[in-house]
2 protein chains.
Amino acid sequence: MIEQLRAILGDDHVLTGQQIARWTQDWTGAYHFQPLAVVRPANTEQVSAVVKLANRTGTPIVPVSGNTGLTGGTRADGAVMLSLDRMNAIRDIRPDARIAIVEAGVILSTLHDATEAQDLIFPLTFGAKGSAMIGGCLSTNAGGSNVLRYGNTRDLVLGIEAVLPTGEVMTLMSELHKDNSGYNLKHLLIGAEGTLGIITAAVLKLHTKPRAYATAMVAVPSLNDALTLLNRLQEATGGGVEAFEYMPRAYIEGHLAKFPDARAPFDQTFDVNILVEVGATAPRDCTVGPDGQTPVASYLEEVLADMFENGSILDAVVAHNHAQRAEMWQRREVAAEIALAHSPIVNNDIAVPIDKVALFLEQIEARMPALDAGATAITVAHLGDGNVHYTVWPTSLDPVVHDAIMEAVEDVVLELGGSFSAEHGIGTSKLPSMRRRKNPVALMAMRAIKTALDPNGILNPGKVLPD
Amino acid sequence: MIEQLRAILGDDHVLTGQQIARWTQDWTGAYHFQPLAVVRPANTEQVSAVVKLANRTGTPIVPVSGNTGLTGGTRADGAVMLSLDRMNAIRDIRPDARIAIVEAGVILSTLHDATEAQDLIFPLTFGAKGSAMIGGCLSTNAGGSNVLRYGNTRDLVLGIEAVLPTGEVMTLMSELHKDNSGYNLKHLLIGAEGTLGIITAAVLKLHTKPRAYATAMVAVPSLNDALTLLNRLQEATGGGVEAFEYMPRAYIEGHLAKFPDARAPFDQTFDVNILVEVGATAPRDCTVGPDGQTPVASYLEEVLADMFENGSILDAVVAHNHAQRAEMWQRREVAAEIALAHSPIVNNDIAVPIDKVALFLEQIEARMPALDAGATAITVAHLGDGNVHYTVWPTSLDPVVHDAIMEAVEDVVLELGGSFSAEHGIGTSKLPSMRRRKNPVALMAMRAIKTALDPNGILNPGKVLPD
């Protein structure tokens with residue numbers, strides 16, 4: 001096998017033994033595995049050749065790009081890991097068409113820099129943006145902090161190129177906003193976590209870069225007041241809220257404990273802390289006025305002042321320059337580092353209707369003492385989407401207890417009409433939830449599709465679909 | 001078979017013989033067929049029972065809702081037509097969550113009325129809105145006139161319930177904006193034209209109803225000037241353009257010929273006529289000022305005045321009341337009636353990058369005389385999406401000539417990076433294009449999925465996938 005891979009890729013790009021040390025775990029450090037080899041193809045043809053070989057020989061292939069996932073989706077014991085990192089060309093950025101054509105190995109923040117240089121944005125953003133690559137973003141349908149405004153990854157993709165499990169290259173690099181020519185295979189592969197095909201390139205939608213942002217940290221008495229703030233801001237700005245992030249007291253404390261040089265958001269401490277950002281593109285909202293601020297900043301400050309007046313805001317700090325804005329975002333973007341500061345963890349990434357977030361937290365916190373009396377939890381939420389990262393730090397080391405915690409979370413979530421997996425995907429860590437909670441007819445259909453497209457079961461086996 | 005269907009549905013809801021006269025053709029009148037029977041289930045359980053029976057007996061089932069498609073997607077010779085028209089409940093509209101929960105048989109304009117009563121909109125709209133039903137809109141991923149602002153149907157759907165070809169009910173009625181729990185079967189069924197499942201209900205996204213619209217008919221020297229107008233309006237309004245529709249001289253003439261009581265848009269006649277509409281929700285854009293107009297109307301008029309000044313607009317009429325706005329829309333929404341005034345027709349629904357629309361028309365018009373010297377064409381376009389309805393009225397009655405015209409259109413479209421099917425779908429009329437033009441690996445994957453989910457081939461056979 002190794003010899004055949006070398007024949008396809010050259011010796012330098014088939015790594016084994018000591019060379020693959022860094023590939024034996026993912027970013028979380030929670031999953032350890034021993035791949036057979038790591039291959040680093042230079043182009044789609046090489047990906048195709050490797051997959052054809054694997055399909056012929058029944059060798060499992062685990063595609064990997066930034067390896068920053070949180071659900072063990074790249075576990076690769078005995079598999080050939082196929083890294084897309086050398087396929088990192090931004091092939092084209094066309095400002096008039098508002099598209100970027102990129103390969104799977106482009107790092108998300110590299111794409112951000114390239115598009116912003118042209119006054120455009122690729123809006124997808126989250127903490128791992130400096131390592132995560134486009135291939136992984138698409139394969140997991142990554143979410144992040146401004147889904148509220150711009151949608152999930154799938155909403156930002158016009159076309160894809162992918163290598164199917166048979167090794168055939170499927171070229172659907174559409175640049176169009178309307179294309180109804182048969183089943184939507186693009187949406188099927190996006191979010192399939194590399195089990196139905198390896199996405200090698202994509203046509204991405206770009207958006208106008210907001211000319212002005214207004215960013216603030218706001219402390220409110222309750223999550224209900226937070227929703228009032230969100231609705232009033234959406235109303236005042238015509239839907240201009242880019243991000244609306246919830247950090248409870250324990251998160252702020254966890255942040256200061258993990259990063260001793262960091263600053264608290266307010267002089268006092270509060271239970272409910274919100275990072276809010278409004279963006280504007282229309283000239284009338286962005287031009288700095290005689291008072292030295294943009295209209296969009298005024299809209300934010302007017303709403304804040306009014307709510308402060310009537311007691312539904314306790315404190316607020318508005319960013320007055322780029323450094324202050326960056327500090328606010330930094331506090332939010334290190335969430336995974338804060339949550340992973342403990343081991344073991346029970347990692348939950350759930351979504352409920354946005355007016356049910358408070359109820360979710362109340363109900364799960366009421367159930368937790370019976371499951372693990374000493375357990376604590378670090379919560380951070382994309383409140384504008386109802387997406388809560390509820391990470392439990394159990395005292396127990398017993399996997400049965402960990403699974404019971406996860407099951408309790410699922411119970412509460414499903415009672416509230418939510419999802420046990422909002423944006424991180426299934427990987428391997430959410431397989432028990434899929435088995436227990438996913439609509440069985442949907443599971444049956446997924447298995448039928450997997451078997452139809454990957455009859456030999458070579459692509460990222462053991463992920464997404466429970467046995 | 002009929003007896004068994006009656007046992008499931010009751011005698012009144014299994015129609016045969018003379019009772020099904022109105023079901024033997026679709027709205028276009030171009031396709032005639034003889035179903036075995038028409039069944040009208042009252043609920044999902046009955047749909048499931050009918051499909052289970054059909055799957056057991058190998059009976060073809062053709063789902064139908066409003067029957068307003070343009071591609072022969074409901075041709076049903078020898079099949080049981082399953083009409084969703086009795087499943088027409090709007091189960092719930094929840095303004096706070098901005099969702100509507102509806103059954104497949106709800107007529108699109110009925111949903112419009114119900115949501116607008118709550119200051120919300122379900123934005124999908126097109127000429128057949130008074131007959132088209134939600135089930136068909138989803139099954140065809142309908143487009144329409146404001147995709148530019150709100151996306152295609154699939155972008156407006158949070159969850160679906162569907163009966164799979166085995167008769168199993170797949171319930172994915174998510175109300176969430178983030179849900180990454182396995183393959184996206186919702187997007188697979190949307191646009192599958194009833195070949196992979198029968199969508200019986202859906203959770204739909206609602207949007208804030210614009211508080212103010214500014215609508216105008218604008219004559220410009222060229223399509224390039226039209227794009228300048230679009231870009232300037234998007235810039236001035238922060239992306240507020242809801243619709244941007246192109247009607248060339250022949251369309252305006254065709255409209256007046258078909259509807260003698262209608263009025264021409266301008267005193268003079270022009271080659272390039274645009275219907276543009278801008279919507280606004282933020283209070284600052286919508287409040288009527290001392291000059292009697294809203295700020296959003298001023299933004300439009302300022303851009304128009306400036307472009308008129310420099311000669312890149314030839315004439316413009318702004319709607320000053322609801323009746324004037326309705327008249328402008330009426331002219332556009334009768335497009336299908338105008339195009340179908342002739343028989344036979346060669347119906348093309350193509351998309352190209354928006355800056356290539358002029359080139360498409362130029363190139364196809366240059367090729368047409370060699371194919372059918374006397375042929376004329378009625379063009380109307382969602383210019384903001386690059387989606388052109390290019391309907392040819394051939395003089396020849398020879399299907400070979402008609403197919404040659406279609407092939408020439410495909411040639412030009414694909415050279416320009418476009419799609420031979422933008423929003424109407426494949427049905428049966430675009431099967432030759434699918435066979436010739438669709439990526440063969442994608443076609444292979446589609447066939448594998450169809451076989452996996454519908455092993456007996458009972459659901460809407462002969463549609464979407466060429467033999």
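Per-residue counts of heavy-atom pairs under 4.5 Å with chain B were compared for A/D349, A/L196, A/T451; the largest is that of A/L196. Highest contact tally toward chain B, considering only A/T281, A/V464, A/N387, A/L188, is held by A/N387 [criterion: heavy-atom pairs under 4.5 Å]. Note on A/D355, A/D96, A/V169: by heavy-atom pairs under 4.5 Å with chain B, the leading option is A/V169. The candidate from B/A442, B/A192, B/G191 with the greatest count of non-hydrogen atom pairs under 4.5 Å with chain A is B/A442. Chain B forms the most heavy-atom pairs under 4.5 Å with one residue out of A/M444, A/R437, A/Q234, A/M434, and that residue is A/M434. Chain A forms the most heavy-atom pairs under 4.5 Å with one residue out of B/H424, B/E168, B/M170, and that residue is B/M170. Per-residue heavy-atom pair counts under 4.5 Å with chain A were compared for B/K438, B/E175, B/H177, and the maximum is reached by B/K438. Ranked by heavy-atom pairs under 4.5 Å with chain B, the first of A/G238, A/S421, A/A282 is A/S421.
Interface remark: A/D285 contributes side-chain atoms only to the contact with chain B (heavy atom separation under 4.5 Å). Interface residue B/M446: backbone and side-chain heavy atoms are both found under 4.5 Å from chain A. Contact of B/M173 with chain A is not made at all, since no heavy-atom distance falls under 4.5 Å. Only the backbone of B/A236 comes within contact range of chain A, judged by heavy atoms closer than 4.5 Å. Contact annotation for A/R447: neither backbone nor side-chain heavy atoms come within less than 4.5 Å of a heavy atom of chain B. At a 4.5 Å heavy-atom cutoff, B/S174 makes no contact with chain A through either its backbone or its side chain. In this structure, chain A has heavy atoms under 4.5 Å from both the backbone and the side chain of B/N141. Looking at B/L465, the atoms closer than 4.5 Å to chain A (heavy atoms on both sides) all sit in the side chain, from C-beta outward. The part of B/R211 that comes within reach of chain A is its side chain, from C-beta onward, which places non-hydrogen atoms under 4.5 angstrom from that chain. B/R284 touches chain A through its side chain: at least one heavy atom from C-beta onward sits under 4.5 Å away, while N, CA, C and O do not. For B/D155, the part sitting under 4.5 Å from any heavy atom of chain A is the side chain, from C-beta outward, and nothing else. With a 4.5 Å cut-off on non-hydrogen atoms, B/T140 touches chain A through its backbone but not through its side chain.
Ring pair B/H207/B/Y150 is perpendicular by interplanar angle, where above 60° counts as perpendicular and below 30° as parallel. Ring-plane geometry between A/H389 and A/H382 is classed as perpendicular, the angle between the planes exceeding 60 degrees on a 0 to 90 degree scale with a lower cut at 30.
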(request) Go through A/R98 and A/T208 one step at a time and tell me if the side-chain hydrogen bond (donor to acceptor under 3.5 Å, both in side chains) criterion holds. (result) CA-CA 8 Å; A/R98 303 205 172 184; A/T208 305; 2.5 Å; yes

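Judged purely by atom type and a 3.5 angstrom limit, B/D385 has no side-chain atom pairing as donor or acceptor with the backbone of A/K178. Distance alone, capped at 3.5 Å, is enough to place a donor-acceptor pair between the A/S48 side chain and the A/G167 backbone. Panel note: side chain B/E242, backbone B/R149; no donor-acceptor pair is recorded below 3.5 Å.
Taking CG of B/L185 as the reference point, atom CD1 of B/I160 lies at 7.5 Å (rounded to 0.5 Å).
In this structure, B/K430 does not pair ionically with B/E410, as no charged nitrogen and carboxylate oxygen lie closer than 4.0 Å.
For the residue pair B/T195 / B/K463, no side-chain donor-acceptor distance below 3.5 Å is found, with atom types taken as modelled.
Under the 4.5 Å side-chain criterion, counting only non-hydrogen atoms from C-beta, A/I426 is not in contact with A/T71. Residues A/L230 and A/I354 meet the side-chain proximity criterion, which asks for heavy atoms closer than 4.5 Å. Residues B/L189 and B/K186 form no side-chain contact, since every pair of their non-hydrogen atoms from C-beta on lies 4.5 Å or further apart.
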